[in-house]
Amino acid sequence: MSKPYDFLIVGAGFFGSICARELTNKGHRCLVIEKRAHIGGNCYTEKRDDIHLHIYGAHIFHTSNEKVWHWINQYARFNHYTNRPVANYQGELYALPFNMWTFNQLWGVNTPEEAQKIIEEQGKDMVDPQNLEEQAIRLVGKDIYEKLIKGYTAKQWMKDPKELPKEIIKRLPVRFTFDTNYFNDRFQGIPEGGYTQIFEKLLDGIEVRLGEDYLADKESYHALAEQVIYTGPIDAYFGYEFGELEYKTTRFDHVRHEYPNHQGVAVMNYTDEAVPYTRIIEHKHFEFNETPATWISYEYPEPYEASKTEPYYPVNDASNNALFERYKSLAAQEKNVFFGGRLGEYKYYDMHQIIERALSMVEANWG
Ligand code: FAD
C-alpha cells in the first residue's frame with residue numbers, strides 16, 4: 001500500500017523549505033515537520049514595534065551566484081543594505097573589516113604604503129607561528145591583534161587564543177583601500193519585510209506540522225512517507241552512537257528601548273574581553289526603519305551541550321571532521337533517507353550556499 005506522502009521533510013529552515021517547495025512544484029506530496037514553534041530555522045524574523053528582529057542572530061544575505069540571486073528574488077525584494085560593522089574597543093571605534101579607515105584610526109596613517117610598513121614591522125618576529133595568537137600577529141601585526149582580535153576571539157571560542165590552533169585563521173581580511181563593505185559579493189541586502197515571509201511563500205499550500213520532533217518517534221514518522229529529507233543534527237539522528245559533534249552556541253538577549261537609535265549601526269562588535277558579549281545588533285538599521293522605539297540584541301557565547309543548547313556553528317577541526325565522516329558512512333547506509341543542510345552535513349554554510357545545495361540535491365535526485 002502506498003504511503004500518504006512521497007516526502008517527509010524534517011526541519012522548516014532554508015534547506016527543508018526549499019526541498020518542500022521544489023518537490024511540491026514537481027508534483028510530489030510533501031509533509032514538513034518542525035520541532036520549533038515556527039518556520040524559518042535560524043533565519044526566522046519576528047515583527048516587534050514594526051521592526052523585524054533576527055531572533056537567532058543577524059542574517060545578511062550576500063552572494064555572487066547569479067542563479068541563487070535570481071531564485072531568491074522570486075520570494076523577496078531585497079533592500080540596499082550593505083554590511084559595514086563597527087568595532088568597539090573600550091569606547092574607541094574602528095571600521096571593519098580592517099581597511100584604510102581602521103589604519104588611519106589606529107596609527108594616523110593616510111597611505112597604503114605606510115600601513116603596510118607598520119603591519120610588516122609588527123609581524124616580522126613571528127616567523128613560525130605556533131598558535132592562533134602568533135598567526136594573527138604575523139598576518140596583521142600586534143596593534144590590530146591586541147585591540148580587535150584577541151578579546152573577541154577569546155570570547156567566541158571561550159579559550160585563550162594562545163591555546164587555539166593557528167589553522168583557525170589562515171587568512172584575515174586586510175584591505176589597503178577605504179572600502180568598508182564587509183562582503184566582497186556582487187549581490188547583498190536584507191529582504192524587505194523580514195525573512196519569515198520568504199518561508200511563508202515557500203511553504204504555501206504545503207502541510208507543515210510545528211512543535212513536532214522527528215527523533216521522538218522516528219519509526220512512526222518514517223512510516224508516513226516513501227522518502228525522508230532530514231535537516232537536523234546528524235549525530236542526534238544516530239543517537240550519538242559514536243559521540244557528540246561539537247558546536248559553538250550563542251545566547252541572544254533581545255532588549256527594547258523607548259528611544260529611536262541606540263548605536264547608529266546594525267552590527268557593533270565588542271572586541272574587549274572584559275565586555276561579556278561579542279556583539280550588539282540593532283535590527284532597525286537593517287531596514288532603515290524610523291520607528292520611535294528600537295530593539296537591540298546582545299550576543300553571548302555559551303558552552304555547548306548537545307540536546308540542551310542550540311547547535312549554531314559546527315567546529316570543523318580535524319577530530320570533529322573525522323567523527324562526522326563516521327556518521328556520514330552510517331548515513332550512506334540509511335535507505336530512503338537523505339541528509340542535508342548545515343546540521344545534516346555538519347558544515348557552516350551561509351544562506352546562499354544552502355540554497356545552492358538544496359536546489360542541486362533536488363535536481364540531482366528527483367530532477
Ligand atoms: P536551520 O536553519 O538550522 O534549519 C534546520 C531546522 O530543522 C531547524 O528549524 C530545526 O528546529 C529543525 N530540526 C532539527 N532537528 C529536528 C527534529 N528532530 N525534528 C524536527 N525539526 C528539527 N548566513 C548568511 O548567509 N548570512 C548571515 O549573516 C548569517 N548569519 C548567521 C548567524 C548565526 C548566528 C547563524 C547560526 C547562522 C548564520 N547564517 C548566516 C547561516 C544560516 O543561518 C544558514 O545558512 C541557514 O539557516 C541554514 O539552513 P538549514 O535549513 O540548513 O538549517
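Start at 1 and go down the list; that is how both ligands and their atoms are numbered. The analysis underlying the following values was restricted to heavy atoms, covering all of them including side chains, and did not include hydrogens, waters or symmetry mates.
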Test: E258 and R256 ion pair at under 4.0 Å: yes
Pairing of R209 and E207 as salt bridge, 4.0 angstrom limit: yes
Looking only at N/O atoms, are [X] and ligand 1 under 3.5 Å apart anywhere?
{"X": "R342", "result": "yes"}
{"X": "P233", "result": "no"}
{"X": "I60", "result": "yes"}
{"X": "H352", "result": "no"}
{"X": "C43", "result": "no"}

Below 4.0 Å, non-hydrogen atoms only: which portion of [X] touches ligand 1? Side chain, backbone, both or neither.
{"X": "Y313", "value": "side chain"}
{"X": "Q353", "value": "neither"}
{"X": "A58", "value": "backbone"}

Ring-face cation of R36 near Y56 (centre distance under 6.0 Å, axis angle within 45°): yes
Ring-face cation contact, Y349 with R342, 6.0 Å cut, 45° max: no
Atom 18 (N) of ligand 1 [closest protein heavy-atom partner, distance rounded to 0.1 Å]: D213 OD1, 2.8 Å
